[in-house]
**Q** 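Here it is, the structure in full.
Counting starts at 1 for both ligands and their atoms, following the listed order. When a residue number appears, it is its place in the shown sequence, counting from 1.
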Amino acid sequence: MKKWGMTQRAWALGVGMALSAGMAAAAPDQSTFTPLMQANGCASCHSVNEKIVGPAFQTVAAKYAGDKDAAASLMQSIQNGSRGKWGRIPMPAHPSLSQAELKELATWVLAQKP
Ligand code: HEC
């Protein structure tokens, strides 16, 4: 009897692990985020493929596809914050980023075409 109990527990643990692995696979994709993005907390509000607090970067790239001023405009939004373009929640400003860093971020976001 005791042995059976152990087996059951082991089985339940296995199912639990399989379930959480499945959930991880379905979670918003942030695996390709650059270290600069990780360091600046972009991941707390954005993912590549799903809206979290802010829009999915794929959706942003799609919206600005073909807009030649897109990089400059996204650099502004990231640096000064943005409100009213995507919904009612504003993005806070990121005043400590350099122009080079802003450019890297904006270019990366625009490359996330769906
Ligand atoms: C506190 C949450 C939050 C953080 C942190 C955040 N964002 Fe956002 N982001 C938002 C929201 C909300 C919007 C939509 C704003 C709007 O409607 O204008 C947005 C919009 C954007 C847009 C689209 C702007 C536009 O002009 O259309 C880009 C690009 C972006 N974020 C990149 C970033 C990057 C890069 C970082 C990290 C440096 C970052 N965000 C950090 C919440 C956040």
**Q** Determine whether a donor-acceptor pair (N or O, by modelled atom type, separation under 3.5 Å) exists between the side chain of His46 and the backbone of Ile52.
**A** no
**Q** Could you tell me whether Lys51 sits above the aromatic face of Trp86, with NZ or CZ closer than 6.0 angstrom to the six-membered ring centre and within 45 degrees of the axis?
**A** no
**Q** Please report the shortest heavy-atom distance between Met37 and Leu105, naming the atom on each side.
**A**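 In terms of heavy atoms, the two residues are closest at CG-CD2, 3.2 Å.
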**Q** At less than 4.0 angstrom from any non-hydrogen atom of Gly87, what atoms of ligand 1 do you find?
**A** 17 (O)
**Q** Is a side-chain N or O of Asn49 found less than 3.5 angstrom from the main chain of Asp29, in a donor-acceptor match?
**A**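 Between the backbone of Asp29 and the side chain of Asn49 there is a qualifying donor-acceptor contact (under 3.5 Å).
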**Q** Look at ligand 1 and say whether Phe57 reaches it with a heavy atom at a distance under 4.0 Å.
**A**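 In this structure, Phe57 qualifies as a contact of ligand 1 - some heavy atom is under 4.0 Å.
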**Q** Suppose we measure from atom 12 (C) of ligand 1 to each protein heavy atom; which comes out shortest, and what is that distance?
**A**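 Looking only at protein heavy atoms, the one closest to atom 12 (C) of ligand 1 is Ile89 O, 3.1 Å.
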**Q** Which N, O or S atoms belonging to the protein are less than 2.8 Å from atom 8 (Fe) of ligand 1?
**A**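 You should have found His46 NE2, Met91 SD.
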**Q** Applying side chain to side chain contact (heavy atoms under 4.5 Å, CB included) to Gln58 and Lys113, what does each step give before you reach the verdict?
**A** CA-CA 5 Å; Gln58 286 185 342; Lys113 303 236 170 64; over 6 Å; no
**Q** For atom 25 (C) of ligand 1, what's the nearest protein heavy-atom neighbour? Residue, atom name and distance, please.
**A** Tyr64 OH, 3.2 Å
**Q** Has ligand 1 got any nitrogen or oxygen that is less than 3.5 angstrom from a nitrogen or oxygen of Ser73?
**A**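 No, since none of the N or O atoms of Ser73 sits under 3.5 Å from an N or O of ligand 1.
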**Q** Any sub-3.5 Å donor-acceptor pair from Ser77's side-chain atoms to Ser73's backbone N or O?
**A**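 At least one qualifying donor-acceptor pair exists.
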**Q** Got a donor-acceptor contact below 3.5 angstrom from the Glu101 side chain to the Ser98 backbone?
**A** yes
**Q** Show me which atoms of ligand 1 lie under 4.0 Å from any heavy atom of Pro90.
**A** 12 (C)
**Q** Could you tell me which atoms of ligand 1, counted from 1 in the order shown, lie closer than 4.0 angstrom to a heavy atom of Gly41?
**A**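 By the 4.0 Å cutoff, the relevant atoms are 5 (C).
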**Q** Answer with side chain, backbone, both or neither: which part of Lys85 has a heavy atom less than 4.0 angstrom from an atom of ligand 1?
**A** both
**Q** Indicate the ring-plane relationship of Phe33 and Phe57, choosing parallel, tilted or perpendicular according to the 30° and 60° boundaries.
**A** tilted
**Q** Does Ser44, backbone or side chain, put an N or O under 3.5 Å from an N or O of ligand 1?
**A**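 Ser44 vs ligand 1: no N/O contact under 3.5 Å.
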**Q** Which atoms from ligand 1 have a heavy atom of Pro92 less than 4.0 Å away?
**A** 1 (C), 3 (C)
**Q** Tell me the protein heavy atom at minimum distance from atom 41 (C) of ligand 1, and give that distance in Å.
**A**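 Of the protein heavy atoms, His94 CE1, 3.4 Å lies nearest.
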**Q** Between Met91 and Arg83, is the side chain to side chain contact (heavy atoms under 4.5 Å, CB included) condition met? List the steps.
**A** CA-CA 6 Å; Met91 170 158 73; Arg83 61 174 64 229; over 6 Å; no
**Q** Are Trp108 and Thr32 close enough, and set up right, to give a side chain to side chain contact (heavy atoms under 4.5 Å, CB included), and what steps lead you there?
**A** CA-CA 10 Å; Trp108 189 91; Thr32 54; 3.6 Å; yes
**Q** Same hydrophobic cluster for Leu36 and Leu74, using side-chain heavy-atom links shorter than 4.5 Å among ILVMFWY?
**A** yes
**Q** May I ask you to identify the nearest protein heavy atom to atom 17 (O) of ligand 1, giving residue, atom name and distance to one decimal place in Å?
**A** Trp86 N, 2.6 Å
**Q** Answer whether the closest heavy-atom distance between the side chains of Gln79 and Pro95 falls below 4.5 Å.
**A**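 No - every pair of side-chain heavy atoms lies 4.5 Å or more apart.
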